4 protein chains.
Amino acid sequence: MKKTATLLISCPDQKGISAAIANFLLTYNANIVHSDQHQDNTENLFLMRVEWDLSDFTLDMCAFAAAFQPIADKFSMVWRVALSGERPRMAIFVSRYDHCFADLLHRYHSGELHCEIPLVISNHEDCRALADFYGVPFHVIEVTRENKQEAERKQRDLLEAANVDLIVLARYMQVLSHEFTAAYPHRIINIHHSFLPAFDGAKPYHRAFARGVKLIGATSHYVTEVLDDGPIIEQDVTRISHREDVEDLIQHGRDLEKIVLSRAVRWHLDNRVLVYSNKTVIFS
Amino acid sequence: MKKTATLLISCPDQKGISAAIANFLLTYNANIVHSDQHQDNTENLFLMRVEWDLSDFTLDMCAFAAAFQPIADKFSMVWRVALSGERPRMAIFVSRYDHCFADLLHRYHSGELHCEIPLVISNHEDCRALADFYGVPFHVIEVTRENKQEAERKQRDLLEAANVDLIVLARYMQVLSHEFTAAYPHRIINIHHSFLPAFDGAKPYHRAFARGVKLIGATSHYVTEVLDDGPIIEQDVTRISHREDVEDLIQHGRDLEKIVLSRAVRWHLDNRVLVYSNKTVIFS
Amino acid sequence: MKKTATLLISCPDQKGISAAIANFLLTYNANIVHSDQHQDNTENLFLMRVEWDLSDFTLDMCAFAAAFQPIADKFSMVWRVALSGERPRMAIFVSRYDHCFADLLHRYHSGELHCEIPLVISNHEDCRALADFYGVPFHVIEVTRENKQEAERKQRDLLEAANVDLIVLARYMQVLSHEFTAAYPHRIINIHHSFLPAFDGAKPYHRAFARGVKLIGATSHYVTEVLDDGPIIEQDVTRISHREDVEDLIQHGRDLEKIVLSRAVRWHLDNRVLVYSNKTVIFS
Amino acid sequence: MKKTATLLISCPDQKGISAAIANFLLTYNANIVHSDQHQDNTENLFLMRVEWDLSDFTLDMCAFAAAFQPIADKFSMVWRVALSGERPRMAIFVSRYDHCFADLLHRYHSGELHCEIPLVISNHEDCRALADFYGVPFHVIEVTRENKQEAERKQRDLLEAANVDLIVLARYMQVLSHEFTAAYPHRIINIHHSFLPAFDGAKPYHRAFARGVKLIGATSHYVTEVLDDGPIIEQDVTRISHREDVEDLIQHGRDLEKIVLSRAVRWHLDNRVLVYSNKTVIFS
């Protein structure tokens, strides 16, 4: 696989941004392999993802920031660059339901997820065997109403020691504190088992059943201070019938949850997600 | 097309219901063409739809009620029977958006909807030409905050004079009073332009855009006293992207609304819908 | 979970079948929990699935066949009865691609598939660790052009020794001989990585890419003598874009294959599938 | 609505194309509102769509070709530019089935399709009333096995007289000759009532029913010399059940056909479609 660099940019829209970036990349002989830009007229924002092959690129990527900063300053850009060779470090939080966890580990094992998984944190022992099978360190930190603050401190110590870039809540059944979520802005991905904003909060399948909906959904989103309200990364739905009771919905939902969470994780790891105004742009 | 009769039943579940119905139909030499039953364990309900060919049926359908009532009494059934030869009388309410209206009229014209349309009621003149083209009487009754009660009285006079069985709100932009909806229980079908219960109430596309959802939806439901809360008949969704603004959502949504409303109307007219506990069973 | 019995019936359609079955079940005090019947008018066939709670059932299931046979004879029924307590014995065949295999094993482990898995047969060692983790016996039988007949004999010996009811080809990359498939009629389920009948045969993703389709699919079907031509159990599709190359299609396809194969296997195990005229009825 | 220009480009991929285009547009003070590019690695092609606001653009669009040609030459571009103010001239061909025709006319009437419809050509009188209602000239040219060549000459005369840019076959039941299709390369859009390449040719719903598929589809594509083999613009599918016979499939299919054809027409008219290697890129 070719080594590539990916640049993600958002800034106020104005004339000349595309040309400035294209010229900058051409100066250093970049071979662009993907480029996609989007103008949000409501917010007057310019959003861009550009990926180029590094083989002929004449700028040392260590010097990239210094070279690019004048352009970034000129257009007031928020930007970051990622190298395909670098593998982000992803932690998984899991409780007892293991379907999303098993799914993510199998994708990781088969090379579909471009990351390292230095640790898994759980409040239960149940998933240890799966973690062991896939060779991923597994830490149990019990969480109770009383010890929550202390438990989170232990979790954060482990995350910091492991230098984690991304946290995935794979059906982790504890609500994180504001302090915790604030420490990882747009770097915690959750899977909620409903089509948000419908049925946010607890027991969405039971409430979907009670309401008599004809489709159930799942939503992956970045975690923010407000429960189930963060920027949505991906959603999908599946049709149900009157023959299906809550248990059937839960079973169907598991397949949805796996698909929707894994897409979000993959897109995040492939630097395809840009967040603005509590929304996401997914560059395809 | 063969003449058939369709029996819809709901009653507390117990042993012997299927046998009682099957034996009753066999007694009169019915040739069953469709039969579907469902037990709702949560509510302990038996729900059934059975349709039979009338060609060899030896019971005069005028005498059906008297003959069937003893069975219905024994099992405390709520039931009704419909003949394929009878065409329910359907009124359409419409305001200015004409996409659902044009869609329903074209389906009616092409024979897809098994009904008569004795009248259309609107609070605007805009849709008159379409109604005229398809040969459907069109009545304009202006509705203002002040005259609402009187306007509804006029509407109901027209509906009663036309002996209407079903009212379809094809993007009719006025909220009906409780008195009105109570007069047509499970006989008013509305199309709401969101995936209920998300974005109930006003401006669902704008709110979907603001929330950054990845799918938009539409929901057809029976109208009850509580706004956008009646039994859901059908829902569907379509994927949107970050490139699409509110106007694009509205345009995509029109296609969803047409499909979802027309399915609900067709199923209702084909006697496929059974309502219980603010839910529907759709017999396929 | 309640113990239930499920009866699957197909026979020429005529009057009185429903009544005969309902009366038979009532005689022995059956409490019907699901009942679904279908008339295929083209073939003049009556098809039915009925499931009842065994708790009050007064007929010993060992005596069921003898008691029911007169009715079956009268209506020329093809029928079988299955008990929820009996777990069918399912073999999995797999080659190197392990996504469907891992998915099935996880579902089996979590109790979603009501079966035993007495053995896995592969022509490669690759999947052994997964089989070991889930505690399923794993047999490698190498298959070459030369030894194919002998290899199949070994496979069939293993299957017969294990008393296997169902064989699932979870991306098994060898074509089975006619003798083999004839020995397990409607008891071998395959997953084909296209929307059949499009792209039957080899390399469907490459051919889908070359043709420029906008959706890719997967199909699970019973294996018959004619390659990729057996009765279809389930199909699904996913949207792709021009940005995606063959490798992306293969990756997306894996998720489809898992879902589509696992649905087919579950429905088969839950006795929801009836085959006739190279088609299936899926009782929901 | 703002006036915009849209440039569509395809050429061999090499360094510097993006910069050349961005600089060219910046020179004349273009305000880019959408830009999307795609590299097809298999074919080593660069494909781009860029749309800009004309309000501040300092180059007279009459002089655009002359100004841009040197860049086009340098990179061996195939290109075209379209102005939002110009409305392409679209002819519709229809036979007896009028669902797609009624759908297109209603969309045209409501302003969803950015085109003029100077004429409709049919081989039957059936659709005249609809054409009249929407104020579109309707020409009947009977087609028989004997007069086909002459009929096509009449059709082409009408098309040329009306200066038509695009022809839409809205369930037109005659196969066009090679001469005819060659005269409008990538400018004739057909709707085929199957998920191509499955069930190309005649009676696709009957064959889908016979094969027992679980989903039916529709495909819109550009017409080429080879029947049902041209570049696919859009496809979609809908789920069917064993309860549905061929007539039901045909009815469901109508909704699919309308959606799939109207999307293709809209994308073509909005200059979102680029054809290469018998495929399409749809710029979203």
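The chains referred to below are lettered A, B, ... by the order of the sequence lines, with proteins before strands, and numbering in each begins at 1. Computed from a predicted model, the values in this text were never measured in an experiment.
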Query raised in the report: Just wondering, more than 12 heavy atoms not from Tyr97(C) lying within 6.0 Å of its OH?
Result: no

Report task. Sort out for me which of Val237(C), Thr219(C), Ile232(C), Leu196(C) touches chain D most, counting heavy-atom pairs under 4.5 Å. Result -> Ile232(C)

Requested in this report: Identify which of Val246(C), Ile233(C), Asp40(C) forms the greatest number of heavy-atom pairs closer than 4.5 Å to chain D.
Outcome: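 Highest number of heavy-atom pairs under 4.5 Å: Ile233(C).
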
Report task. Provide the closest heavy-atom pair for Pro197(C) versus Val213(D) in the form atom of the first, atom of the second, distance. Result ->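 Looks like CD-CG1, 4.0 Å.
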
Query - Nearest atoms (heavy-atom pairs only) where Arg211(C) meets Asp228(D) - result: NH2-O, 3.4 Å

Query raised in the report: Going by an N to O cut-off under 4.0 Å, is there a salt bridge joining Arg239(C) and Asp236(D)?
Result: yes

Answer with side chain, backbone, both or neither: which region of [X] has an atom nearer than 4.5 Å to a non-hydrogen atom of chain D?
{"X": "Gln37(C)", "result": "backbone"}
{"X": "Thr280(C)", "result": "both"}
{"X": "Asp245(C)", "result": "neither"}

Given a strict heavy-atom distance threshold of 4.5 Å, which part of [X] is in contact with chain C: side chain, backbone, both, or neither?
{"X": "Ser284(D)", "result": "neither"}
{"X": "Asp229(D)", "result": "both"}
{"X": "Leu47(D)", "result": "neither"}
{"X": "Ala210(D)", "result": "backbone"}

**Report entry** Largest heavy-atom contact set with chain C, pairs under 4.5 Å, which of Glu234(D), Lys279(D), Lys214(D), His221(D)
**Finding:**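 Heavy-atom pair counts peak at Lys214(D).
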
Query - CD1-CZ distance between Ile282(D) and Arg243(C), expressed to the nearest 0.5 angstrom - result: 12.5 Å

